[in-house]
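Right, one structure below, let's go through it.
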Number of protein chains: 2
Amino acid sequence: MSSTISPLAPKSYPDMPTIRGLRMATAAAGIKYKNRTDVLLMTFDKPASVAGVFTRSKCPSAPVDFCRKNLPAGVARGVVVNSGNANAFTGVKGRAATELTAKSAAAAIGCSEGEIYLASTGVIGEPLDATKFAGVLGDMHDKATGDFWLEAAKAIMTTDTYPKVATRSAKIGDVDVTINGIAKGAGMIAPDMATMLSFVVTDADIEASVLQSLLSAGVEPSFNSVTVDSDTSTSDTLLLFATGAASEDGQQRVVSAEDPRLDGFRAALNDLLKDLALQVVRDGEGARKMVEVTVKGAENDLAAKKIALSIANSPLVKTAVAGEDANWGRIVMAVGKSGEMADRDRLAIWFGDIRVAVNGERDPAYSEEATTAVMQKEDVRVTVDIGLGSGTATVWTCDLTKEYVAINGDYRS
Amino acid sequence: MSSTISPLAPKSYPDMPTIRGLRMATAAAGIKYKNRTDVLLMTFDKPASVAGVFTRSKCPSAPVDFCRKNLPAGVARGVVVNSGNANAFTGVKGRAATELTAKSAAAAIGCSEGEIYLASTGVIGEPLDATKFAGVLGDMHDKATGDFWLEAAKAIMTTDTYPKVATRSAKIGDVDVTINGIAKGAGMIAPDMATMLSFVVTDADIEASVLQSLLSAGVEPSFNSVTVDSDTSTSDTLLLFATGAASEDGQQRVVSAEDPRLDGFRAALNDLLKDLALQVVRDGEGARKMVEVTVKGAENDLAAKKIALSIANSPLVKTAVAGEDANWGRIVMAVGKSGEMADRDRLAIWFGDIRVAVNGERDPAYSEEATTAVMQKEDVRVTVDIGLGSGTATVWTCDLTKEYVAINGDYRS
């Protein structure tokens, strides 16, 4: 948790409604940080459906292994999240820590360990002393309340400079349902996974397999389309829960991903996931600007995304944005290095609405002054037309500043 | 050309012998820089054999296109290199500039345009005014001398803080031959190509196809194993010339890459290429430390190289090195994100000679103090044993400092 809040932080937070069937509590267990909460317990009064997506790292953390093991059963009663220690690359001790935590949480809630989900975030490689919080889970369960979203988001922060929350509502049939989510993440953020950590809960009544299908599709244009530093965490975890409490209002359980009643819910969920993902980018370590990169005219959508990520991950593009320099030559470089089909003489590039390059050279109408004005804004849009096909993709990143180097040159010690 | 010389610069330069059959001259044409040379002419008294490797960018510069067109003939009489402008993404004007330059050089030397090679380095997207130096090539040809290596290396610098030269000798049969080379590059440096620019000349008598075979093999463990910022230039060009002057001493022309007489020459060439490549890394923009990353025990050599580059390109690893922080958790992260086979519980990691992690967790004998001492050195070695197979690879990079951001936040303007 940094003392300086990102200039890209939200100006205000939404009122987060309660989600029937879910209660939460936080505690300060002193895992690494002093004078702040670092443990979150989410407890479901009745078994909730659960879906999840995780890091594609070949070296995942112990909690990621643990969640993957429980996910096929699709039922959740409790979630324990800690910050300050990722419990990653901790070997046998790491597995013992997840087992102790799950056992303590299951005892507090009165459920099986197979209904517990775990996530840890923080330093990699340090043994996690789970006894620090295993003992307080019973007390946390007793005092848990439904109105605790902002506090929950704060308890899972590491280098984040602000808590990340979002809420949406939708109708399933004629029943109103709510979706709330929290996320954390600021560094070690790259696609090919979920995000650092995010937990989304709805009161809708939806079967676990349907939830999984919604989540796997929804993560692609949101969390899998953001990058801070191209570095994929060992701990990325995004869990989606449905408490089913809306059945009390007469919502009929959704048992198929093709159910047309899901249309509004799917749109609301995707919008919430994108909201949270962009909050992560806007809190990118050292970020002063957010960059939206849209690639169109690529051979296909996959090629467009690869080119967009090549641009968004280029240190030279990101430092140019930090320097408010409309250096479109570096965009050309990043297109060229992506390995995807491109023809120099068909490329066109825009900063904001200003076309700076066309037909393989500088736009004849190029104005340094007008372009610089675009670069000085907080949000910078880069658009590239490859001119070959109809593939499109949009990804989001932030600039690369001296503060990123400062933050990461001395995080562990 | 920066006013501050990299702390990793060579402490001294070798005496560069002349290469019979080659003369060089430089000029200050004022392409972008003031008060310095920015054009280099290399001229061969007799037709030289030539080999080349180029950027794999899909958006290569006009000079790269030009060289590729001439290379199949395998004969060189002249090379023109300019700094300050890359003549990349310059469309029809860019092609016209290469044609004017080649025509002027061919007229000065008295050869065909098909025997001219060109390279440009500097800003991308600005039209290159070749008339600025086309007119002086005749004069440069007249005054060219054989003893000009350091000056030649200086004329092609951009953000380099020092000129890069290297020399080796070898025997072919019982005839002594010499290999000299120069290189430039400090940013926009990543494998999958040659380098920014490098020109290597020998007086050996070797057929072009054999030279090409030597060069294509030699570039893999040298220029294709270094990275400053993962960004691949549009202009990367490495040319290798053989003047054949050693035939005057009785060297029989080498016409096969399998010729056993090449053994010593190949070793000397590879050593020189590695020397130049490491000089580029040591001049990485903002670099304060050089990092050698060795991966062993991977599934195969290709997997080892992919993992090594995942580590070497990770902003979080590079900032940790800048902060002298033995943050091996980030090494685990980078292994995990590479996509290659890895088993957390078999990984071992060393900084220098100190094993910091083994069997999926921190080494029991880990000493923060001893490890920090290793991190404080100028050259930092990172070794990772994947523990799965016998694949190995070594790559080189530098740390990521605030100076990198400063240099690249305002390079173009």
Side-chain angles (χ1 to χ4, degrees), chain A residues 55 57-60 88-94 123-127 187-188 190 192 229-234 314-316 319-320 322-323 325 327-330 332-342 344-345 347 357 359-362 400-402 404-406 408-413, chain B residues 55 57-60 88-94 123-127 187-188 190 192 229-234 314-316 319-320 322-323 325 327-330 332-342 344-345 347 357 359-362 400-402 404-406 408-413:
Chain A
T55 179
S57 171
K58 303 287 181 182
C59 301
F89 209 64
T90 42
V92 175
K93 292 190 197 81
V123 68
I124 297 172
E126 297 289 328
M188 214 179 269
D192 272 354
D229 49 17
S230 79
D231 277 342
T232 299
S233 162
T234 53
S314 161
L316 288 171
T319 47
D325 177 10
N327 194 325
W328 54 270
R330 294 183 184 171
V332 178
M333 176 281 298
V335 172
K337 81 165 179 166
S338 74
E340 294 297 331
M341 285 282 289
R344 187 181 53 197
D345 296 346
L347 276 188
N359 297 333
E361 56 187 303
R362 191 167 64 188
L400 172 56
T401 65
K402 289 178 194 173
Y404 177 88
V405 178
N408 286 301
D410 198 25
Y411 169 70
R412 192 186 57 121
S413 24
Chain B
T55 179
S57 170
K58 302 288 181 183
C59 301
F89 209 61
T90 41
V92 176
K93 291 189 198 83
V123 68
I124 297 172
E126 296 289 329
M188 212 178 271
D192 271 353
D229 49 18
S230 79
D231 277 341
T232 299
S233 161
T234 54
S314 160
L316 288 171
T319 48
D325 177 11
N327 194 324
W328 53 269
R330 294 182 184 170
V332 178
M333 176 281 298
V335 172
K337 80 165 180 168
S338 73
E340 293 298 330
M341 284 283 288
R344 186 181 53 198
D345 296 346
L347 276 188
N359 297 333
E361 56 187 303
R362 190 167 65 190
L400 172 56
T401 64
K402 291 178 193 171
Y404 177 88
V405 178
N408 287 300
D410 198 25
Y411 169 70
R412 193 185 58 120
S413 24

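Just so it is clear: chains get the letters A, B, ... in the order the sequence lines come, proteins before strands, and each one is counted from 1.
B:Arg362 places no side-chain N or O within 3.5 Å of a backbone atom of A:Glu126 that could act as its donor or acceptor partner.
Note that the CG atom of B:Leu316 and the CD1 atom of A:Ile124 stand 9.0 Å from one another [nearest 0.5 Å].
Ranked by heavy-atom pairs shorter than 4.5 Å toward chain A, the options B:Asn359, B:Leu347, B:Val335 are led by B:Leu347. With respect to chain B, the highest number of heavy-atom pairs below 4.5 Å among A:Gly339, A:Gly94, A:Ala88, A:Ala322 belongs to A:Gly339.
Of all heavy-atom pairs between A:Val405 and B:Val405, the closest is CG2-CG2, 4.0 Å. When all heavy atoms are compared, the tightest approach of A:Trp328 to B:Gly125 is CH2-CA, 3.3 Å. The two atoms that bring A:Gly91 and B:Asp345 nearest to each other are CA-OD1, 4.4 Å, heavy atoms only.
Using a 4.5 Å cut-off between heavy atoms, A:Pro127 contacts chain B through its side chain alone, with no backbone atom that close.
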